[in-house]
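One structure below.
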Amino acid sequence: MTGVLEAALRARLDRGGKCLVPYLTGGLGNDWLETVQAAAIAGADAVEIGIPFSDPVMDGPTIQLANDRALAAGVTPQQVFDRLHRADIGVPTVVMTYGNIAYRMGYQRFAASLARSTVAGAILPDIPLEELGPWATAADAEAIETVLLGAPTASDERLARIAQRSRGFVYAVGLLGITGVREQLAASAKVIAKRLKAVTDLPVLVGVGVGTPRQAVEVCEEADGVVVGSAMVQRMLDGAGPDGVAELVAEFRQALDESTNHC
Amino acid sequence: MTGVLEAALRARLDRGGKCLVPYLTGGLGNDWLETVQAAAIAGADAVEIGIPFSDPVMDGPTIQLANDRALAAGVTPQQVFDRLHRADIGVPTVVMTYGNIAYRMGYQRFAASLARSTVAGAILPDIPLEELGPWATAADAEAIETVLLGAPTASDERLARIAQRSRGFVYAVGLLGITGVREQLAASAKVIAKRLKAVTDLPVLVGVGVGTPRQAVEVCEEADGVVVGSAMVQRMLDGAGPDGVAELVAEFRQALDESTNHC
Amino acid sequence: MAVSAQEKTTHPYGNTSVMGDPSESGRFGEFGGMFVPETLVPACQELDRAFRSAWADPVFRDELYLLFRDYAGRPSPITICENLSAELGCRILLKREDLNHTGSHKINSVLGQALLAKRMGKTRLVAETGAGQHGVATATAAALFDMECIVYMGEVDIRRQELNVFRMKLLGSEVRAAQSGSQTLKDAVNEAMRHWVGAVESTHYCLGSVMGPHPYPWMVREFHRVIGVEASQQCASLLGGAPDVVVACVGGGSNAAGIFSGFVDTEAALVGVEPAGGAALGRAVPGVVHGSHSYLMQDEWGQVLEAHSISAGLDYPGVGPEHAHLAATKRARYEPISDAQVVEAFQLLARTEGIIPALEPAHALGWIMQAKDELAGQTVLLNLSGRGDKDVAQMMEHLA
Amino acid sequence: MAVSAQEKTTHPYGNTSVMGDPSESGRFGEFGGMFVPETLVPACQELDRAFRSAWADPVFRDELYLLFRDYAGRPSPITICENLSAELGCRILLKREDLNHTGSHKINSVLGQALLAKRMGKTRLVAETGAGQHGVATATAAALFDMECIVYMGEVDIRRQELNVFRMKLLGSEVRAAQSGSQTLKDAVNEAMRHWVGAVESTHYCLGSVMGPHPYPWMVREFHRVIGVEASQQCASLLGGAPDVVVACVGGGSNAAGIFSGFVDTEAALVGVEPAGGAALGRAVPGVVHGSHSYLMQDEWGQVLEAHSISAGLDYPGVGPEHAHLAATKRARYEPISDAQVVEAFQLLARTEGIIPALEPAHALGWIMQAKDELAGQTVLLNLSGRGDKDVAQMMEHLA
Ligand SMILES: Cc1ncc(COP(=O)(O)O)c(C=O)c1O
Ligand SMILES: Cc1ncc(COP(=O)(O)O)c(C=O)c1O
């Protein structure tokens, strides 16, 4: 049974397009939910919503700062859920947070909370394949699509296993490193996309190190789409508001569409 | 052959008196030689003249300070000798300094310098009996009377050997400790005097810790006399000048004379 | 060879391994595991394979043994404290890890890890450090093995511990500030992990305690097992057997794991002492952070809390998973101790035995002082995990 | 028992004893003796008798041996420095006295003296200290032996070394300021001697090097001979014999005497390294001060000069009489080294081997660096007399 996240992405791909998933930090600023909505309108195929965590080991300075600010303002996972509950976003959402947030709440309760808030999927980057069991059971029971990451360090065999257990899409880690905008697209980005494409039919989206529309277009020569995090969050931190973020989403959308002659 | 130092002290004792030997720091102030002379006139039987040394381990704060001041003013042993040379003092003098001053100059040259300056004796407190050989040879050759110290820590047998090798007088160390004025005469002072008197015919003078005329009188119940150092040097440091020091010498003289009904 | 003498411990405490090898999935009972970003999973697995092979290789063990002996100064002696024993009414023995090169037990694991990293063909080390002990130890090993080394240290700690920063630089390492979060140890761990994520192919992450993802908790404990192996032999010859009680301070838990491993299969009571302000075991709230499932100081939402202790080396909100297991299975007990009691203990050992302890093991002594009625007449082995030189300036201010 | 293994050395160098027992009058050749105020002569003689009897008593030696092993952490290892050897072109071995309790060789003599003092029925120790190393070591022994302890330290040094002052207080000792003269080490010696003059019956003067009146130079060397005994056994097993060169820094000369004593009867060249600004042996002007006839920095009138060195532990204008004898008989040579070269050596050892040396033994390494052409291909044993922790703050300022 195909989930709503996967369905939305496949729809874009079926139309010959490339998928765009902006990452936005939940609870950062009072207008974060409006920002999510504006991003959807501006052309996101799905929105990844970060639930702030005190010790985000996969994240670079931009997202760390966003986490710290949101936490300092007192944001809790429950508040993020409450605001997402029945919010009209128009595209599927997927939360990204770290294992301990889900573990502390209880995997079942966490999965149920997502479902109640009509969140489609979840990314827990520090719960790798080997540790996935208990969470996957809880998530599957609530039909939450658990997106797994495939990184350049994995063997082909491992990538295949990851892709097989992933739901919604496969998150291809574009480089050896943490989130953050780089000057250049890493050579590893297209390689990992290609390697994952070779072992799965699921959409393969590259994240980490995709910071500009040009880089997005470049990586989509191999990938089905991109996750854009730090560049988006930087706009939020700069106080660009829903419009400022939407503008950036639109730039990515336009570049991707132009590259595929798709509209 | 009795030396001049011993002779002078014996003369006092023969007259039924007690010996008074003030210690004055050579080179301390421009008028130190006048102070020596004034002390002689005021009733000293001999004067002990300290040659400043950088590391006077037998001396307490008063004499240390006197040493430091004199050295800071650039005084050298030679300068002390030069000023003593043919100075008219009227009583025998005995220099007190530490071994290294004599050693550095060469024991023979040092002894000859004393002789040339008509110094009668020498006290080198860190050259004990066991190490005396080379110095004693040089001193004897120049007829310098080497005064040895006898301390409370010595056995009777050791005291006897010390007294036997001593010339001029035997310096009885009045207490376990370094030079300096104490409130009370230490009980050890009379004990050591008595112990030394039992083993020698030489005059036995107590020094170290004899700071007041009363203490001098008290210790002379057993001793043949006293060496008074820190109390005298303190006057020099206070800037009392030849008269001020002479005054103190006179007080000691008077107290001792009264105690023996001697004039 | 002393190191390999006690190859396997027996496991009389239930069917999960008690200080034996962890399970296939890197677990001690229900604790442990490998909760790291996917990028690091192959690196951890490679490390697991490399460690298993090295640890089974007598050549590797010999090399490490020689480093322990000729470079670090092992075996460390056991000192019987006559004065202290008289004062407290129980017989106190100290395992003198303070006499190791660089002044604490930390050198054991760091030499093991550097030797292993070299064997794996790694050319760089990255490490986290709190007050600087583990950073200095890692920089030391990097100098010895001629490896590049980067040490992350919280910005706040860099300012507090400038001498240790200078030491690491002298040793040829680069010290980088962890500027996020609380800017202390846990953030330095985050930064070191982030660095590792980006440099995993050339770089070994030299973790400072029995924490992190599998195989670290196991591997680091194995490198520190030399403490327990030596101590059990020493106690056998001094006492004719195990002491009644074995006490160690617990930050991440490496020195405690090292000494406990020598006595887990005896009747000895095992006591870990935590700072009251950083008692992950005392609170017993499980979590998954920094690579493993263990106890963790956290708020109701799972946000990690800062630990607070007078001793920087114990200022860590988590604890190694094997200790969680030892606590859960009740093979060891864990006790909190107040800063004030620690300061008392610090002074007592200096005054009675002429040994100025690090503040960390002063926690263990603080507990003995507090529990002396319970301990009356018993023989107590205390792991003196480090010397107090690093803490003297702080104590001078504290006691002024 | 390791300590007593090499009971007597043979004396192939002339008919005066070379690192054997001194003469009846406490002389090594023409140097030594007992130049002290009469009050102290019986105390020195009593000490001489007590030491002779204790040193001939296997019970005393056993006790000391156990203290060395179980308290101080002996034997200290020898570390072969691969990286440093490659860099300098000669094979360098370090005798690791830095790993001893309290961080230097000083503990050897202090434990011996305290044990002896106790045996003599003394209840108090008095000591001098420069930067504080010997003071801390003495305070340590006093704590262990439950003796009262007073340490004199130059007023200037007290201000410079407040951490060591605090350490001594922690250990239960009283620190008193030497306010006369240059207010540094030599004045602290004066004050300690003065104190001893006044308290000689209850008090042992715990002298910090192979200086002072007989029996100190001999006794202190005998307590440090363990360094040489161990090293010669270690070299025998590592090298199959003695190294080509044995190098040690020389302040008063105790660590050098300790290690030289293990090799004086071999072909090994013995090299003592003095700070250029405190080279008593280099200037070779004899004098009698602080109890013995030896070489001494002094002006033309015999006033003692201040030594100047970057390292407080070598800031002493005199030197032990046995070294004067070894120099005069040419059994050992003594070389000066500049502060700048010492700083280089300090950094080099840290960077190449992960060992931060005390500034004192960095003098010895500085000489090796300077003499490396002469030493090419040779095996050089360096006595690493202490660790550099005490010097890190100073070096941080110096290199800033
Ligand atoms: C001396 C000492 N003991 C103990 C610790 C705490 O670490 P662990 O709990 O891993 O032994 C540290 C950490 O820096 C330390 O320096
Ligand atoms: C480490 C170290 N080495 C050497 C010395 C110099 O003493 P000695 O020449 O007696 O060995 C000192 C003195 O404090 C010292 O601390």
Side-chain angles (χ1 to χ4, degrees), chain A residues 51-61 63-65 67-68 71 75-80 97-106 110 124-135 148-155 158-159 162 171-173 175-180 186 192 208-209, chain C residues 24-27 30 32-46 178-183 186-203 212-214 285-294 296-306 317-318:
Chain A
I51 299 181
F53 178 53
S54 53
D55 296 80
V57 293
M58 257 304 279
D59 289 302
I63 295 180
Q64 285 171 40
L65 183 60
N67 271 315
D68 288 352
L71 289 173
V75 169
T76 65
Q78 191 61 52
Q79 286 170 12
V80 174
T97 191
Y98 287 81
N100 201 51
I101 296 292
Y103 180 83
R104 182 73 170 117
M105 187 174 276
F110 190 78
L124 300 173
D126 59 346
I127 311 236
L129 197 58
E130 284 74 6
E131 304 292 353
L132 198 67
W135 163 249
L148 296 187
L149 282 68
T153 47
S155 64
R158 180 174 181 83
L159 288 181
I162 286 168
Y171 190 128
V173 178
L175 48 75
L176 289 188
I178 52 175
T179 59
I192 186 67
V208 183
Chain C
E24 269 297 297
S25 69
R27 277 184 168 63
E30 57 173 313
M34 196 189 279
F35 293 85
V36 288
E38 171 60 24
T39 308
L40 295 180
V41 171
C44 291
Q45 290 172 336
E46 179 200 1
Q179 286 158 326
S180 61
S182 57
Q183 308 187 340
K186 86 177 174 62
D187 308 284
V189 175
N190 293 339
E191 281 306 332
M193 277 214 172
R194 288 171 186 136
H195 183 99
W196 197 31
V197 170
V200 61
E201 279 161 354
S202 63
T203 304
H214 177 75
V285 183
V288 283
V289 134
H290 288 162
S292 62
H293 176 214
S294 187
L296 178 70
M297 286 173 57
Q298 52 187 311
D299 71 9
E300 55 176 327
W301 298 107
Q303 309 294 358
V304 182
L305 295 174
E306 271 180 71

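Lettering follows sequence order; numbering is per chain, from 1.
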Exercise. Does A/Asn100 use its side chain to pair, donor to acceptor, with the backbone of C/Val288 at less than 3.5 Å?
Worked result: yes
Problem set entry | Closest contact, heavy atoms only, A/Val57 versus C/Met193 | CG1-SD, 4.3 Å
For this session: Can you see which heavy atom on A/Gln64 is nearest to which on C/Ser180, and at what distance?
Result: OE1-CB, 3.0 Å
Exercise. For the side chain of C/Gln303 and the backbone of A/Ser54, is there at least one donor-acceptor N/O pair under 3.5 Å apart?
Worked result: yes
Exercise. What option among A/Leu148, A/Ile178, A/Leu176, A/Leu149 has the most heavy-atom pairs under 4.5 Å with chain C?
Worked result: A/Leu176
For this session: Hey, could you give me the NE2/CG distance between C/His290 and A/Asp55, rounded to the nearest 0.5 Å?
Result: 5.0 Å
Exercise. Going from CH2 on C/Trp301 to CG on A/Leu71, what distance comes out if it is rounded to the nearest 0.5 angstrom?
Worked result: 12.5 Å
Problem set entry | Note, A/Glu130 side chain near C/His214 side chain (heavy atom, < 4.5 Å) | no
Exercise. Can you check whether C/Glu300 reaches A/Thr76 side chain to side chain, under 4.5 Å on heavy atoms?
Worked result: no
Seminar exercise, completed: For A/Asp59 and C/Arg194 the tightest heavy-atom approach is O-NE, 3.0 Å
For this session: Among C/Leu40, C/Val200, C/Val197, C/Val41, find the one that has a side-chain contact (heavy atoms from CB on, under 4.5 Å) with A/Thr153.
Result: C/Val200
Exercise. For A/Pro61, is it the side chain, the backbone, both, or neither that has a heavy atom closer than 4.5 Å to a heavy atom of chain C?
Worked result: neither
Problem set entry | A/Tyr103 portion near chain C, given a 4.5 angstrom heavy-atom threshold | side chain
Exercise. Is it the backbone or the side chain of C/Pro213 that comes under 4.5 Å from a heavy atom of chain A, or both, or neither?
Worked result: neither
Problem set entry | Contact class of A/Ile162 relative to chain C, heavy atoms under 4.5 angstrom | side chain
Exercise. To the nearest 0.5 Å, what is the distance between NE2 (C/His293) and CD1 (A/Ile127)?
Worked result: 10.0 Å
